[in-house]
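What you see below is based on every heavy atom in this structure, not just the backbone, and it leaves out hydrogens, waters and symmetry mates. The first residue of the sequence shown is numbered 1, and numbering continues consecutively from there.
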Amino acid sequence: MSGLDGIFGIIGVGCGLYCLYGFYMLRFKGEIVQSLFLPKDVNAKKCSDLKGYCSAAQVPVLVLGIVVLAYGAADLCNTYVREVTEVLAVMIVLVFVSLIFFALRIKKINKIYFGL
């Protein structure tokens, strides 16, 4: 075992929690986490309909957060508890699918609410 065995699991858990934080901010605070949803040169305050944006962006970020968090947990389980290579292979595919879903939906939502 090297010192970096669980690094992808830790990164996955961290990214999943950050996505869930973005969901929390949209759902309960009505704020856009700019680093998660918008390009860096776009001001989040220029949204044409903040409530509509928050409503539309909740599902993609929630799906991505749950899937990436589950991947991180599966990777850590695979590294430190017992081998679950089949589950890990399925989770990797799910991460890629949910990442593509997130990117396409957020791009469409940003086009509607920010004119990007």
Open item on the list: Please find the pair of heavy atoms, one from Leu76 and one from Gly6, that lie closest to each other, and give the distance.
Closed with: CD2-O, 3.7 Å
Open item on the list: Do Asn110 and Lys107 have side chains that approach each other closer than 4.5 Å (heavy atoms only, starting at C-beta)?
Closed with: no
Open item on the list: Do Phe114 and Cys47 have side chains that approach each other closer than 4.5 Å (heavy atoms only, starting at C-beta)?
Closed with: yes
Which side-chain N or O atoms in residues 57-67 pair as donor and acceptor under 3.5 Å with protein atoms at least two apart or in another chain?
{"unit_1": "Gln58", "atom_1": "OE1", "unit_2": "Arg27", "atom_2": "NH1", "d": "3.3"}
{"unit_1": "Gln58", "atom_1": "NE2", "unit_2": "Cys54", "atom_2": "O", "d": "3.3"}

About how many Å separate [atom2] of [Y] and [atom1] of [X], when rounded to the nearest 0.5 Å?
X	Y	atom1	atom2	answer
Asp75	Tyr80	CG	OH	9.0 Å
Phe96	Met91	CZ	CE	12.0 Å
Leu104	Leu99	CG	CG	9.5 Å
Phe101	Leu94	CZ	CG	13.0 Å

- [ ] State plainly whether one hydrophobic cluster holds both Val90 and Ile100, where clusters connect Ile, Leu, Val, Met, Phe, Trp and Tyr through side-chain heavy atoms under 4.5 angstrom apart.
- [x] no
Open item on the list: In this structure, would Phe102 and Val97 fall into the same cluster of hydrophobic residues linked by side-chain contacts under 4.5 Å?
Closed with: no
TODO: Would you indicate whether Phe8, at its atom CZ, is surrounded by more than 12 heavy atoms from other residues, nucleotides or ligands within a distance under 6.0 Å?
DONE: no
Donor-acceptor list for residues 28-46 side chains, cut-off 3.5 Å, not counting sequence neighbours:
{"unit_1": "Gln34", "atom_1": "NE2", "unit_2": "Val42", "atom_2": "O", "d": "2.3"}
{"unit_1": "Ser35", "atom_1": "OG", "unit_2": "Tyr18", "atom_2": "OH", "d": "2.4"}
{"unit_1": "Asn43", "atom_1": "OD1", "unit_2": "Lys45", "atom_2": "N", "d": "3.1"}

Task: Main-chain N/O of Lys51 paired with Ser55 side-chain donor or acceptor, under 3.5 Å - done: no
